[in-house]
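Shown next, in structure tokens, is the structure this report addresses.
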Number of protein chains: 2
Amino acid sequence: MADGPTNSSGGENLLFLTDEQLRKGIEAMFFAYRGFTADPDRILDEHGYGRAHHRALHFINRTYGTTVNNLLLVLGVTKQSLNRVLRTLIEDGLVESRIGKTDRRERNLYLTESGAALERALSEAQRERMRAAYRAAGPQAVAGFRQVLEAMMDDEIRRQYNSLRERRP
Amino acid sequence: MADGPTNSSGGENLLFLTDEQLRKGIEAMFFAYRGFTADPDRILDEHGYGRAHHRALHFINRTYGTTVNNLLLVLGVTKQSLNRVLRTLIEDGLVESRIGKTDRRERNLYLTESGAALERALSEAQRERMRAAYRAAGPQAVAGFRQVLEAMMDDEIRRQYNSLRERRP
DNA sequence: CATTTTATGTCAGCCTTGTTGACATTCCAA
DNA sequence: TTGGAATGTCAACAAGGCTGACATAAAATG
């Protein structure tokens, strides 16, 4: 996998990575992820929600009319766990669940006005942090950032990640 | 902050970032973090531990003889939460807690042989994933990756991250 | 020396979010 | 018609966050 004689991305080939360097990267990942979630967490807290709600709102917004099963695959949790979160969002009027047209067993999920509003607030806070980081690091760094992250995903996940579609409202 | 007329890292200045690009980055972060934690999680599971134990082991290993208070600051949790984890690690003989020499109120924390062994297994799994990602992406990408992550941290955290010291056994 | 502050530990209780297992309903498909 | 897939629901449990209260020892400070 990483043994090929040439590197596709134009870097020098032989990479000597000390444990020290790798540890730095590991800790950077840990601390950065904390920053990454800090702003949305504050907003969620005001509404009495947690990260699980954020994730659900995010992916319902991204893939308009997604089914519960699709959501389960992306989020990687059990249906019982997702269901609890989903139920509160539906009860609170942030998410609408409509019976599927072609397959009436399925539930298609949509954000309501207020659901979309919260999602916007959350993602705007997160985008702002990401934007600032991107600006500070520069475009070349951003490209590298994305390359490393993508290489760090599990294979099946990378497939899902790469098959992202624009939402069609 | 991001308004300076020049970019320090040699990139072009004007960065036009669409919400689409930022969303891609956000999701990359989400999915990559899952991959990042997947391998240690499996090992931890076999031992009946969770991520909280991993974090404690990691930072006790990194800063040899650290105090409980130091650990609290780095981990960003309450002492009650940390204590629960620490207690099980001490009971299980993975961590040793010694009364401080200069300040007898403090407890200095050390990994035992078996604690160090588990830490090694966990970090080696994580390093291996990181190493593979680094190799796949190349050295230039790695530099960018680290730059963006560092810019994404909270300010106080970045200070902690940058003041990493080699452990002195 | 008396008092206050600091570092740590511990108990109790609560919340979110993950888990498993069991079971019901609905409905497509063979 | 029957099997299986998709979904929902109930119950129980665990990890690991949180708060609040309280105890102890030791350091720091008046």
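Computed over heavy atoms, backbone and side chain alike; hydrogens, waters and symmetry mates excluded. Naming convention: chains lettered A, B, ... in sequence-line order (proteins, then strands); numbering from 1 in each chain.
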Under 3.5 Å, is there a donor-acceptor pair linking the side chains of A/His58 and B/Glu27?
-> yes
Taken to the nearest whole Å, CZ/B/Arg34 to P/C/dT17 is 16 Å
Determine the contact category for B/Thr102: base if any of its heavy atoms lies under 4.0 Å from a base atom, sugar-phosphate if only primed atoms, P, OP1 or OP2 are that close, otherwise nothing.
-> sugar-phosphate
Assess whether one donor atom and one acceptor atom, taken from the side chain of B/Arg84 and the base of D/dG17, lie less than 3.5 Å apart.
-> yes
With no angle test and no hydrogens, is the base of C/dG13 tied to the side chain of B/Gln80 by a donor-acceptor pair under 3.5 Å?
-> no
Which residue, A/Asp103 or A/Arg51, contacts DNA chain C at a nucleotide closer to its 5' end, judged by nearest heavy atom?
-> A/Arg51
Separation of C/dT17 atom P from A/Arg87 atom CZ, nearest Å, is 13 Å
B/Arg107 has an atom CZ; how far is it from atom P of C/dT6, in whole Å?
-> 18 Å
Ignoring backbone atoms, test whether A/Asn83 places a side-chain nitrogen or oxygen under 4.0 Å from the OP1 or OP2 oxygen of D/dT9.
-> yes
With the side chain of A/Arg104 defined as its heavy atoms from C-beta on, choose the nearest nucleotide among D/dG8, C/dT10, C/dC28.
-> C/dC28
Decide whether A/Arg23 and B/Ser123 meet the rule of one side-chain donor and one side-chain acceptor closer than 3.5 Å.
-> no
Quick one: is A/Thr78 getting a side-chain N or O under 4.0 Å of the C/dT19 phosphate, OP1 or OP2?
-> yes
Nearest-Å distance, CG (A/Leu75) to P (C/dT16)?
-> 18 Å
B/Lys79 has a side chain; which of D/dT9, D/dC22, C/dT19 sits nearest to it?
-> D/dC22
Please check if any side-chain donor atom of B/Asp92 sits under 3.5 Å from a side-chain acceptor atom of B/Tyr49, or the reverse.
-> yes
Is the shortest side-chain N/O distance from A/His53 to OP1 or OP2 of C/dT17 below 4.0 Å?
-> yes
Can you check whether any acceptor in the base of D/dA27 is under 3.5 Å from a donor in the side chain of B/Arg105, or vice versa?
-> no
Using whole Å, report how far CG of B/Leu71 lies from P of C/dA7.
-> 14 Å
Is the phosphate of C/dT6, meaning OP1 or OP2, less than 4.0 Å from a side-chain N or O of B/Asn69?
-> no
Any A/Ser81 side-chain N or O less than 4.0 Å from OP1/OP2 of C/dT17 = no
Examine the side chains of B/Glu150 and B/Asn162 and answer whether a donor and an acceptor come within less than 3.5 Å of each other.
-> yes
Most 5' of A/Lys101 and B/Asn70 on DNA chain C, judged by nearest nucleotide | B/Asn70
Take the protein atom CZ of B/Arg55 and the nucleotide atom P of D/dA15, then report the distance between them rounded to whole Å.
-> 15 Å
Rounded to whole Å, the NE2-P distance (B/His47 to D/dA15) equals 16 Å
Are any of the side-chain heavy atoms of A/Leu111 and A/Leu57 separated by less than 4.5 Å?
-> yes
Rounded to the nearest Å, what distance is computed from the CG atom of residue B/Asp41 to the P atom of nucleotide C/dG18?
-> 13 Å
Could you list all the salt bridge (charged side-chain N to carboxylate O under 4.0 Å, His left out) pairs where at least one residue sits in residues 29-40 of chain B, not counting sequence neighbours?
-> B/Asp39-B/Arg42, B/Asp39-B/Arg129
